[in-house]
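Note on naming: letters A, B, ... go to the chains in the order of the sequence lines (proteins, then strands), and numbering restarts at 1 for each one.
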Number of protein chains: 2
Amino acid sequence: MERRSRWTLPSGEPTIRDVAAKAGVSKSLVSLALQGSSRVAPETRRSIQRAADELGYRPNAIARSLGAHRSRTIGVYVLDLHNPIYVDILDGVQAEAHRLDYRTIVVMGSSDRRIERAELDKLMEFRVEGLITMGHRLPVGARDAISDSCPAVLVGAEPRLTPHLLSVCTDDTRGTALAVDHLVGLGHSAIAHVTGGTNSVARKRERGYVQAMERHGLHEHIRCIPGGFTDEDGYHGTIEALDAAVRPTALFVANDFAAIGALAAAADRGLDVPGDISIVGYDGTRLSGLRSIGLTTVAQPLTDMGVAASRELCSRLDDGPGATRRVRMSPDMMIRTSTAPPRKS
Amino acid sequence: MERRSRWTLPSGEPTIRDVAAKAGVSKSLVSLALQGSSRVAPETRRSIQRAADELGYRPNAIARSLGAHRSRTIGVYVLDLHNPIYVDILDGVQAEAHRLDYRTIVVMGSSDRRIERAELDKLMEFRVEGLITMGHRLPVGARDAISDSCPAVLVGAEPRLTPHLLSVCTDDTRGTALAVDHLVGLGHSAIAHVTGGTNSVARKRERGYVQAMERHGLHEHIRCIPGGFTDEDGYHGTIEALDAAVRPTALFVANDFAAIGALAAAADRGLDVPGDISIVGYDGTRLSGLRSIGLTTVAQPLTDMGVAASRELCSRLDDGPGATRRVRMSPDMMIRTSTAPPRKS
DNA sequence: ACGATCTGTTGGACCGGTCCAACAGTCACG
DNA sequence: CGTGACTGTTGGACCGGTCCAACAGATCGT
């Protein structure tokens with residue numbers, strides 16, 4: 001007895017048998033009643049419920065999963081909880097999963113491969129029934145999980161769909177078009193783009209920018225400066241753009257985080273935003289909405305995307321594989337104080 | 001068969017019995033070997049390991065918990081994942097828990113009470129052995145959990161300790177002293193404080209500020225302007241401070257988030273930071289370190305606090321209740337670009 | 001009056017592990 | 001050579017649920 005931790009289960013949590021005894025029925029019936037089966041007599045159901053309440057009975061998810069061969073749990077992989085965009089999505093994922101009576105287990109990616117791997121293993125050990133991943137980098141371990149035919153939905157990426165792979169994303173082409181249209185509407189034509197690097201999401205946004213510029217007949221103004229998704233990346237890309245022979249009057253930056261770096265770069269070069277240069281970000285994180293930042297940005301419906309991810313996954317789990325869908329949502333322009341018409345020269 | 005979801009356990013995950021059969025031993029021995037028991041012959045251990053690897057065996061955490069009466073899982077309650085301070089702490093919590101071979105289940109507080117409650121229930125249903133909570137607001141449900149004698153550690157708060165309640169925090173009195181000392185060292189004397197509201201953490205920092213000012217003989221300069229922990233709160237408090245009859249030359253704001261609001265307020269009043277006014281925050285979030293923000297702040301060793309929380313909890317779980325400790329860590333001054341000597345008048 | 005059907009309930013096998021009592025075999029010691 | 005201690009292994013009870021086959025009793029049609 002000594003060697004066993006004091007805080008273990010046997011300590012006395014009431015079990016289904018205790019409830020059965022108290023209500024004077026068999027444990028099977030308690031199980032049925034608690035699951036809401038319609039085969040239980042209303043009278044019996046009430047007395048079982050009463051017994052359970054009085055004992056403070058709490059179902060044991062562990063035992064339930066084992067017996068039922070279902071965990072009613074989905075795993076959520078988040079690339080980086082430090083990035084507010086994922087937390088916003090997570091809000092939606094959790095709310096909807098909860099509504100559909102699924103539990104979630106959230107794990108975070110890590111630069112330490114071993115920890116990331118362990119976290120993913122945890123998911124498998126808890127026998128999650130499905131997986132939601134967000135972030136452009138798909139963790140290596142997730143591939144195994146997916147190929148082991150546990151269905152997954154990728155948020156924000158657009159992979160080739162398979163029966164096991166769903167996707168929820170926003171229309172980045174449309175989003176970038178919104179950003180460019182907004183700047184052109186203000187009177188800008190020298191609009192440069194600080195890219196998000198070489199990952200697929202960044203590529204998409206870059207292509208969208210080019211298309212939109214061409215649509216406006218601004219071919220000769222197209223300029224893509226290589227950047228990335230962090231504020232450092234945005235800073236350096238912007239410095240490069242500002243120091244160019246002919247300075248753009250507006251900058252479209254690949255995401256909010258990098259756009260904040262762009263703000264700093266403009267300040268360092270003694271330029272007023274939006275007086276001397278307008279800056280537009282992408283994502284619509286709360287961060288960008290902070291008073292001292294006030295970044296104009298292309299807002300993705302982050303929470304709604306999370307909701308959609310849960311909805312797709314859970315309905316697939318409950319109803320079996322249907323037509324595999326790709327949910328594509330619409331971004332929205334969020335105009336704040338980092339954009340204005342160009343100074344008349 | 002039809003009505004059962006296709007993605008259920010029976011699908012074929014190898015079990016301990018499969019491994020036993022393949023290795024030609026009993027399942028008990030496989031269990032022993034996989035737990036690393038020293039009673040297993042080295043030769044046998046190897047062949048069991050080989051069999052497990054070849055089958056791609058993954059232990060079933062569910063079944064293990066049930067049989068062992070231990071889940072080796074701790075619950076982590078985070079008030080708000082949107083606040084980067086908690087994510088930094090979480091990094092430490094996870095890393096250390098993992099090192100000590102514990103799993104974590106992270107749940108997030110929610111403004112929707114029902115969701116918050118459900119998340120806490122989830123923790124109990126998974127039979128977590130202990131709880132780590134962070135955030136000044138202790139969720140109602142957590143009280144139950146704690147009183148049900150599952151030990152808990154509060155990060156960042158200093159409750160009355162009980163055998164079940166541990167605490168990890170920083171020395172806020174010392175932290176505020178650092179901030180005031182820094183400003184005094186630069187030559188400031190008119191140093192005002194925008195408070196964090198009426199919660200216990202904010203109170204502590206306010207007291208620390210008053211003490212430090214008195215220590216420097218600056219009694220007559222003590223000014224506390226009521227604020228809060230959000231950027232809005234910081235904005236309004238700062239506006240009030242700046243519009244006062246005699247304007248302070250420096251501001252100590254209760255946390256980073258609010259200090260960022262203060263930065264915006266200064267900008268709105270046409271004041272240069274740090275030229276016209278110096279601003280110091282508190283927490284040392286990554287946010288404050290962003291290039292375009294560059295906030296001088298009192299940094300808490302957030303990740304280390306997380307590590308300490310896991311360490312305390314797990315050692316208590318493994319070794320039983322020892323002397324109940326309160327871990328108090330030291331904050332550190334992080335000097336950036338929002339502070340400078342006052343303008344000579 | 002009798003089987004068929006339906007409603008409500010029950011016992012018990014089962015899930016995949018852990019862990020304990022029991023045991024076979026080896027070795028050292030008196 | 002018998003005995004006790006130690007090493008390595010095993011069968012089986014057990015954890016707290018789910019779920020299925022079986023069943024008792026009521027209702028109904030013929």
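The shortest heavy-atom contact between B:C169 and B:A157 is CB-O, 4.2 Å.
With hydrogens and angles ignored, the 3.5 Å screen pairs a side-chain donor or acceptor of A:R72 with a backbone N or O of A:D101.
Mapped onto DNA chain D by nearest heavy atom, B:A63 and B:A41 fall at different nucleotides, with B:A41 at the one closer to the 5' end. With DNA chain C read from its 5' end, the first of the two nearest nucleotides for A:P42 and B:Y57 is the one closest to A:P42.
Taking side-chain N and O atoms only, B:S31 has no distance below 4.0 Å to OP1 or OP2 of C:dG17. Neither OP1 nor OP2 of D:dC20 sits under 4.0 Å from any side-chain N or O of A:S28. One finds a side-chain N or O of B:Q35 lying less than 4.0 angstrom from the OP1 or OP2 phosphate oxygen of C:dC19.
Side-chain proximity of A:S26 to C:dT9, C:dT10, D:dG16: nearest is C:dT10. If you check C:dT10, D:dC19, C:dT9 against the side chain of A:A68, the one that comes closest is D:dC19. Residue B:L29 has its side chain nearest to D:dT10 when only D:dT10, D:dG17, C:dC19 are considered.
Atom CD1 in B:I62 sits about 11 Å away from atom P in C:dG17, given to the nearest Å. Rounded to whole Å, atom C1' of D:dG17 lies 13 Å from atom CG of A:L32. As rounded to whole Å, 14 Å separates atom C1' of C:dG16 from atom NE2 of B:H69. Atom CZ in B:R39 sits about 14 Å away from atom C1' in C:dG25, given to the nearest Å. In this entry the distance linking CZ of B:R70 with P of C:dG16 reads 24 Å, nearest Å. In this structure, the CG atom of A:N60 is 12 Å from the P atom of D:dC15, given to the nearest Å. Atom pair A:F126:CZ and C:dG16:P shows a separation of 17 Å (rounding to whole Å applied). The separation between A:D18 atom CG and D:dG17 atom P is 9 Å, rounded to whole Å.
Residue contacts shown for B:R64 are limited to sugar-phosphate atoms, with no base heavy atom under 4.0 Å away. Nucleic acid contact for A:T15: sugar-phosphate only, since backbone atoms but no base atoms lie under 4.0 Å from a heavy atom of the residue.
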Check: Under the side-chain hydrogen bond (donor to acceptor under 3.5 Å, both in side chains) criterion, do A:Y102 and A:Q94 qualify, and how do the steps go?
Finding: CA-CA 9 Å; A:Y102 274 85; A:Q94 303 234 55; over 6 Å; no

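If you check distances only, the side chain of B:K27 does reach the base of C:dT18 with a donor-acceptor pair under 3.5 Å.
With 3.5 Å as the limit, one finds no donor-acceptor pair spanning the side chains of A:D91 and A:Y86.
Relative to the six-membered ring of A:F126, A:R103 misses at least one condition, a distance below 6.0 Å or an angle of at most 45° to the axis.
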